[in-house]
Structure formats: structure tokens, C-alpha cells
Amino acid sequence: MQIDIITLFPQMFEGFFQYSILKRAQTKGLLSVNIINLREYSLNKYGSVDDYAFGGGAGMVIQVEPLANCIEGLQQKTNYDEIIYTAPDGQMLNQPLANSLSLKENLLILCGHYKGIDERIREHFVTMEVSIGDYVLSGGELAAAVISDSVVRLIPGVLSDEQSALSDSFQDGLVAPAVYSRPADFRGWKVPDVLLCGDPKKIEAWQYENALERTKQRRPELLKNLDY
Ligand code: ADE
């Protein structure tokens, strides 16, 4: 998969893609990432790409022309499956959306800043608008990072044990069951006996019950759409 990200703050991504699963995906040749600095498409010598909003109001808007030039330049080289704009009024990121994006080859993510981007970019280039929650961030960079992380870990071969993505919270519509590691007894706090019994069927049944119970307690609304 190739993920290209257009941003005014490329340095914000420097650490993010260099660690853990995202780093491993690149090392394995399963992911390539290009961070594109929108300021390079500025129409003036100051590197600015924002301007006042027509009609007044507080806050600056990212201009249509630098962004259109940047996107069209990238499209010369890459045929994008989706051009995603990160915005609080977009479709909410969830596990089914991450799953479907993980099947794509090429994604372009536009990070907004200030009051947002000129609406004409949304109308003429953007194919999908994604929010990471009902709150407003200072810019789309964190959202782009969250989207990338949730998607890349689902690309087949990125995780060493594919089971560990399949057993993630939300993959089966439930939150994940409790997990434990050694020692089996710490200060008298004991790991449930069934997890030590060695019978995979019994363990699986316990994990399912535990996931169901936790979902009832923590996220009861998830159970509405579930056959169980
Ligand atoms: N940009 C600002 N707030 C955002 C949010 N909640 N989700 C995605 N992009 C954003």
C-alpha cells in the first residue's frame, strides 16, 4: 500500500511512521509513505497557502489553487483509490471502515488546518471525508496518523501473527476479552483457571463470554446489531 499525506506540518509525522507496526510494514515492503509539504505549492515567496474566508468570519482557509496543483501533481504519478479529507464532519472512522481501506492500494490523505480547506477541493477531488471523533482537533495531522495506523495494521502480513488483528476489539463487533501473562498468581491476584487448562475449546468459549460480558458493561450499544 502507498499512503501519501498532504500537510502543512510534515515534521509532525516524522516520529510517527518510524516506530512499531508502521515501521515494520515499511521494512517488510508492504507500505510506502510520502509526506508532502503543501507549502511547496505556495503561490508566493512566503510559503503561505491560506487566505481570508469570503463572507468574513474568524479563521483562515487553505486556498484552492495550491491544493489543486499539489493533488494534480501527485495524480500524474499515482492513481488513488481514495482521496481522503480528515474533517470533524466526515464519516466516523470505525473498524469496518479501517478494514475496507486496508484493501486499497493507494490512499491520499489531505490534512486540513485553520478553518479548513476551500470547499471546491472537497467537491472536485475528495472521495471520502473521515472524522476520528466528535471533537475538533487543531488540524488533520493526528487524524491522518490515526487512520494510517488503524488501516496499516490490517494489511495482510504486517502483523507477525495475523490472529492478533482478528482478535482485536471490534473485529467481531465485540470489545476484546481480558488478557493475562505470567505470573499466574501475583500477590494472590489470580489468572482465571480456564486460561491455564490447555483446552483450546474451553479457552475460546471463555474468551467469547468475557468479550460479550465486557461489551455489555462497556459498550452496550455495540450489541444492538449483533446476532449472539
Ligand atoms: N480535523 C479536526 N478535527 C478532526 C476530527 N475530529 N477528525 C478528523 N479530522 C479533524
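Every number for a ligand or one of its atoms is a count from 1 in the order of the listing. Since the model is a prediction, treat every value here as computed from it, not as a measurement.
- Backbone and side-chain nitrogen or oxygen atoms of G133 are examined, and one is located within less than 3.5 angstrom of a nitrogen or oxygen of ligand 1.
- Here the side chains of F170 and L222 are in contact, with some heavy-atom distance below 4.5 Å.
- A distance of 10.5 Å separates CG of L212 from CD of Q217, quoted to the nearest 0.5 Å.
- Annotation: side chain to side chain donor-acceptor pair (under 3.5 Å) contacts of T127 (sequence neighbours excluded): E82.
- Remark: ligand 1 and A87 share an N or O pair separated by less than 3.5 Å (distance only, no angle test).
- Ligand 1 has no nitrogen or oxygen under 3.5 angstrom from a nitrogen or oxygen of A143.
- At the top of the distance list for atom 6 (N) of ligand 1, counting protein heavy atoms only, stands Y135 O, 2.7 Å.
- Salt bridge D50/K115: absent, no basic N to carboxylate O contact under 4.0 Å.
- At a threshold of 4.5 Å between non-hydrogen side-chain atoms, the residues L108 and Q75 do not count as touching.
- Counting heavy atoms only, P88 comes closest to atom 4 (C) of ligand 1 of the residues G139, P88, G112, C111.
- Ligand 1 lies less than 4.0 angstrom from a heavy atom belonging to V130.
- With sequence neighbours excluded, the residues satisfying side chain to side chain contact (heavy atoms under 4.5 Å, CB included) with F17 are I5, F13, L22, Q26, V33, I35, S148.
- At least one N/O-N/O distance between I132 and ligand 1 falls below 3.5 Å.
- The closest protein non-hydrogen atom to atom 3 (N) of ligand 1 is L137 N, 3.0 Å.
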